[in-house]
Amino acid sequence: LDKRTDMYAMGCLYYYALTGQYPFTGDTAAEVMASHLQHNVPPLSEVRPDIPPWGAEWIMWHVERNMDDRPKDARESLERFLILDKQSTQPVTMTAPVPDPPNSSDPQPTTPKFIFPSADPEEAAAPTEQPAAPIQQVTPTQPAAPVQPTTPVQPTPPVTPEPISLQPEDIPKPATAPQPIAPPGDIDTSPHTKAQQLSAEPEQEAAPQPKTPDASPVPVAQPIAPAAAQATPAAPAVTPPVQPVAAPAAAPTPAAPPTTPQVSLSGAPATAAAPPVAAPQPGAVGAGGISPAPMPEVASAKSGMPAGAKWAIIGMLILVVGVAALVGTSIMKDRGETTMVNKVLAEAKVLNEEGKLQDGIELDKEQLKGVLNRTTSAQETDNRALLLKTLAYTKAKGGYDANDVILDHVTKVKTRSSIRTEIFKAVMTRRKAVENIAPLLEFAKTTKENDSAAAAIGAARASAIGQPADNYIDDFLMLINDTDSAAVRGAAERAAADLIAQSENKDSFVDPIHGAYETALDDPSKFAMLRLLGATGGDKAAKTVGETLKSKEATSVSAALAALGNWADDSQFDTLIKFIEMTENDTLRRKAFDATYAFLRSDRERDSDDLGDMWKLFAGVAATQKEKLQIIHGMANQKHEWAISILELYIKDEDDKVIDKAERAKSLVERRLRERGGSSDDNE
C-alpha cells in the first residue's frame with residue numbers, strides 16, 4: 001500500500017462520479033471480485049463519449065491494474081491533467097482557474113534507461129569451472145604389524161602371473177592422491193630404492209630406515225615377485241638370511257609393480273650393487289610370460305594421441321568458436337536494438353509531455369519490432385507505460401501494416417500473460433480497425449490464457465463497434481457457450497450486447513440467441529443468453545424472461561432482472577417496479593432496485609416528461625435509507641424541473657441524513673437551472 005493505491009481509489013471515484021456506475025461490476029460478489037482481479041472495466045470513453053478523449057484516458061490511467069502504470073502520486077496526476085487540459089482543443093472542464101503548467105526548468109524524469117541483455121556475454125561464453133575432486137584419504141583398517149625375522153626363502157618354481165586388473169580407484173591421480181614421501185637427498189632414487197608411501201597421513205614423518213654399509217636403505221621384505229619381473233640373473237649362491245628390520249607401521253597401499261624392490265630367490269634383499277631392473281615394455285615376453293601393461297600415467301609419450309581423440313578435440317574447438325560467434329553476434333544485435341529503442345522512447349517521451357503523442361509517432365518496421373521486444377520483455381518495468389502508449393499511437397513508416405506486425409508478435413511471442421493482457425487493453429483497444437477483429441477472436445478461441453483471451457475480446461469489441469453486428473455476433477455467442485472462464489464469457493457477452501444495442505434491427509437476433517439459450521449446457525451460459533435477450537427486446541424475449549422471473553432459483557431470477565434492466569425499450573419498466581413492490585426477498589429486491597436505477601440512468605432518447613413520470617414512480621417504491629439516497633443521487637444529476645419536485649418529497653422525510661442530502665441536491669439542481677436560463681427543454 002502506497003500513494004499509487006490512493007490513485008487507484010481516486011480513479012474509481014472519478015469513474016463513478018462521471019458514469020453513475022462502478023468501474024467493476026457483476027451480478028454477485030464473486031463476479032465483482034473477478035472483475036477486479038481480471039481488470040474488466042469498460043473504458044470511460046465508451047460509457048461517456050462526450051468527455052474529451054484525453055480526459056477519459058487520464059482517468060483510466062488511475063485505475064490501471066499494474067501499480068507501476070498509475071500516477072506515482074497526486075502531484076504527477078495533477079501536473080499531467082493541467083498540461084493536457086491546457087493543450088487540448090476540447091473545452092476546459094474545470095470551473096476553477098487553471099494553474100500554469102509546471103516550469104520547464106524543474107527537474108524532469110530521467111531519459112529511458114539503457115537495458116542490457118539479461119545474460120552477461122562474458123559469463124555466457126566462459127566455461128563453467130568444475131570443482132576439484134576431493135582428495136581421497138586411505139585409512140587403514142588395522143595397523144600393519146612389524147616385519148618379523150624370517151627364515152631363508154626357498155626357491156619356488158616360476159609362476160605365470162595372472163592378468164592385472166586395475167580399477168579406477170587403484171590408479172593414483174597426481175592431482176588428488178597423497179604424494180609419497182621423498183627419500184633423503186643423499187640417496188640415489190633408482191627404481192630399486194624409490195621411497196614407498198609409509199602412511200595414509202602425509203603430515204607424519206616416516207621413521208628412518210637402517211642402511212646397508214654402502215649407505216643404501218634396507219628395503220622391507222616383499223612377497224616374491226613374478227619371474228617375469230626379475231630382470232636380475234639368478235644367483236644360486238646362498239646368501240645370509242634377512243636380518244630383522246624395524247619397519248614403521250604402514251597402511252596398505254596399492255601395489256606399484258614397476259617400483260617394487262626385488263628379492264632374490266634365496267630371500268635376501270637386493271643390494272645397491274645390483275644392476276638396475278629395466279622397465280618391461282608392454283607385451284614383452286619374459287621368463288614368466290607376457291609382462292603386465294603399465295599404468296596410464298606412465299605410458300610412453302612416443303605412442304601419441306589416438307586419432308579419434310584428436311578429431312574430437314578439433315570438433316569441440318570448432319563448436320566452441322561457432323557458439324562464441326553466435327553469442328557475440330546476438331549480443332551486438334541486442335545492444336544495437338537497445339540503442340535504437342532508447343532513441344524512440346526519448347522521442348515518445350517528449351511528445352507525451354507535450355500532449356502530442358496521441359497524434360501519432362512514425363516508426364519503421366525495425367523500430368516497431370524493437371519496441372515490441374522491449375515491451376514483451378519481463379525485465380522491462382520502468383518504461384512499460386510509455387512503451388504501451390508508443391505502440392498504441394504508432395504510425396507505419398514504410399510499406400508495412402503496423403497492426404499486422406503488432407498482432408503477429410503479441411499472439412505468438414513467449415511472454416507473461418499479464419504483459420500480453422496489457423498490450424491488448426492499452427494498445428489494441430485504441431488501434432481500432434476491422435482487420436484486427438478476426439485475429440483477435442482467433443487468439444481468444446485458441447489460447448489457454450483466460451485473462452489474455454478476455455482482453456483480446458475487448459479489443460475486438462472496440463473495433464467491431466460501428467460495424468454491422470451480423471458479421472461478428474455469432475463469434476461472440478460461440479465464445480460464450482464454449483468457455484468455462486467467467487472472464488472470457490463476460491467479455492464476449494458485453495461485446496455481443498454492444499453490437500445488438502447499436503443495431504437498428506434488433507429483432508433479427510432474437511431467434512439465434514433464444515436458440516443458444518435453449519441449448520446451453522451450463523447455467524452461466526444460459527444466464528448470459530437470457531441477459532442478451534433483454535438487449536434484443538420483443539415479445540418472444542419478454543415471454544422467456546417473464547417465465548424465468550417466476551423461477552424459485554435465485555440465480556435464474558437475478559439473470560432475468562439483469563435482462564430487464566438492459567431492455568431495449570421502456571416496455572418492461574412496469575415489470576421491474578411491480579417486482580420491487582411484490583418480492584419478499586431482500587437480496588432480489590436490491591438487485592431489482594439496482595437494475596431499475598441503471599435502466600433510468602441509461603442514455604436513451606426519452607421525452608422529458610415521460611422520464612420524469614418514470615422517476616416519480618421509482619421514487620415511490622424506495623423504502624430504505626440506502627434506496628432513498630440512491631434516488632437523491634440520481635436527481636442531483638438531472639437538469640429538469642421535475643427533479644426538484646421529487647427531491648422535495650425527501651426533504652419531508654423523517655431521516656435526517658435523507659433530508660440533508662435532499663436539500664443539498666435541490667440547491668444544486670436549482671443553481672444548474674438558473675445558469676441555463678431557468679428552464680430546460682425536452683431535447684437536452
Side-chain angles (χ1 to χ4, degrees), residues 31 34-35 37-43 65-66 368-369 371-373 375-378 388 391-392 400-465 467-500 512-513 515-516 519-529 532:
E31 291 183 5
S35 295
L37 296 177
Q38 297 158 2
H39 201 69
N40 292 331
V41 51
R65 180 181 183 182
N66 190 335
L368 179 57
K369 288 184 176 180
V371 173
L372 283 167
N373 289 334
T375 306
T376 53
S377 171
L388 291 171
L391 290 175
Y400 76 98
D401 190 318
N403 287 329
D404 285 347
V405 174
I406 295 174
L407 282 174
D408 183 71
H409 181 89
V410 175
T411 56
K412 296 179 181 178
V413 70
K414 292 183 178 180
T415 186
R416 292 177 180 173
S417 174
S418 58
I419 295 177
R420 203 187 322 271
T421 300
E422 282 183 327
I423 295 176
F424 285 137
K425 287 184 176 180
V427 178
M428 299 314 301
T429 302
R430 294 172 176 171
R431 300 187 67 87
K432 301 175 183 179
V434 177
E435 296 78 11
N436 296 342
I437 300 175
L440 286 169
L441 292 180
E442 182 62 26
F443 173 82
K445 293 176 184 177
T446 57
T447 186
K448 296 181 179 179
E449 300 175 1
N450 292 331
D451 289 350
S452 298
I457 294 171
R461 163 179 166 243
S463 295
I465 296 298
Q467 304 299 322
D470 297 342
N471 297 340
Y472 310 107
I473 191 70
D474 290 339
D475 292 322
F476 293 118
L477 294 180
M478 183 183 301
L479 284 166
I480 293 174
N481 275 327
D482 292 347
T483 184
D484 294 329
S485 168
V488 174
R489 185 183 301 107
E493 181 184 346
R494 286 190 294 272
D498 288 346
L499 290 178
I500 295 171
I513 294 176
T519 58
L521 300 179
D522 53 39
D523 285 344
S525 299
K526 195 179 189 71
F527 298 154
M529 296 303 173
L532 289 177

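Sequence positions, counted from 1, serve as the residue numbers for this chain. All figures in this text were calculated on a predicted structure; none of them were measured in a lab.
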Discussion item. Does Leu391 form a side-chain contact (heavy atoms from CB on, under 4.5 Å) with Leu368? I'd like the steps, not just the answer.
Written reply: CA-CA 8 Å; Leu391 290 175; Leu368 179 57; 3.5 Å; yes
Response to the item:
Between Thr446 and Glu442 the two heavy atoms that sit nearest each other are OG1-O, 3.0 Å
Worksheet item: Which pairs count as salt bridge (Lys or Arg N to Asp or Glu O under 4.0 Å) when at least one residue sits in residues 452-463, sequence neighbours excluded?
Response: Glu46-Arg461, Arg461-Asp498
Discussion item. Has Thr447 got a side-chain atom pairing as donor or acceptor with Phe443's backbone, closer than 3.5 angstrom?
Written reply: no
Item to complete: Check for a donor-acceptor pair, side chain of Ser525 on one end and backbone N or O of Ile480 on the other, with a separation under 3.5 Å.
Response: yes
Worksheet entry | Residues in side-chain contact (heavy atoms from CB on, under 4.5 Å) contact with Asp401, at least two apart in sequence or another chain | Asn403, Asp404
Worksheet item: Could you give the distance from CZ (Phe424) to CD1 (Ile406), rounded to the nearest 0.5 Å?
Response: 11.0 Å
Worksheet item: Where do Ala464 and Leu499 come nearest, in terms of heavy atoms and distance?
Response: O-CD2, 3.5 Å
Practice prompt. Measure from the side-chain N and O atoms of Ser463 to the backbone N and O of Ile437, and report whether any donor-acceptor pair falls under 3.5 Å.
Written response: no
Practice prompt. Run the numbers on Leu372 and Val413 for side-chain contact (heavy atoms from CB on, under 4.5 Å), then give the verdict.
Written response: CA-CA 10 Å; Leu372 283 167; Val413 70; over 6 Å; no
Distance-only criterion, 3.5 Å: show the donor-acceptor pairs between side-chain atoms of residues 471-479 and protein atoms not counting sequence neighbours.
| unit_1 | atom_1 | unit_2 | atom_2 | d |
| --- | --- | --- | --- | --- |
| Asp475 | OD1 | Lys445 | NZ | 3.4 |

Discussion item. Going by ring-ring contact (aromatic ring centres under 6.0 Å, His included), name the pairs with one or both residues in residues 478-497, residues two or more places apart or in two chains.
Written reply: none
Counting only pairs under 3.5 Å, give me each side-chain donor-acceptor contact of residues 451-460, with atom names and distances, residues two or more places apart or in other chains.
| unit_1 | atom_1 | unit_2 | atom_2 | d |
| --- | --- | --- | --- | --- |
| Ser452 | OG | Ser417 | O | 3.2 |
| Ser452 | OG | Ser417 | OG | 3.1 |
| Ser452 | OG | Thr421 | OG1 | 3.2 |
| Ser452 | OG | Glu449 | OE1 | 2.9 |

Worksheet item: Taking Thr415 for the side chain and Thr376 for the main chain, is one N or O donor matched with an acceptor at less than 3.5 Å?
Response: yes
Item to complete: Decide side-chain contact (heavy atoms from CB on, under 4.5 Å) for Asn481 and Leu521; before the verdict, give the C-alpha distance in whole Å, the side-chain angles of both, and the deciding distance to 0.1 Å.
Response: CA-CA 8 Å; Asn481 275 327; Leu521 300 179; over 6 Å; no
Worksheet item: Are the side chain of Arg420 and the backbone of Val410 linked by a donor-acceptor contact shorter than 3.5 Å?
Response: yes
Discussion item. Rounded at 0.5 Å granularity, tell me how far CG in Leu532 sits from CD in Glu493.
Written reply: 5.0 Å
Fill in: Under 3.5 Å: donor-acceptor pair, side chain of Ser377, backbone of Asn373
no
Worksheet, complete the sentence: OG1 (Thr483) and CG (Asn450) are apart, to the nearest 0.5 Å, by 6.0 Å
Item to complete: Step by step, work out the side-chain contact (heavy atoms from CB on, under 4.5 Å) result for Asp522 and Phe527.
Response: CA-CA 9 Å; Asp522 53 39; Phe527 298 154; over 6 Å; no
Fill in: Ile423 side, atom CD1; Met428 side, atom CE - distance, nearest 0.5 Å
10.0 Å
Fill in: Separation of Glu422 CD from Arg65 CZ (nearest 0.5 Å)
9.0 Å
Worksheet item: Who are the salt bridge (charged side-chain N to carboxylate O under 4.0 Å, His left out) partners of Lys448, not counting sequence neighbours?
Response: none
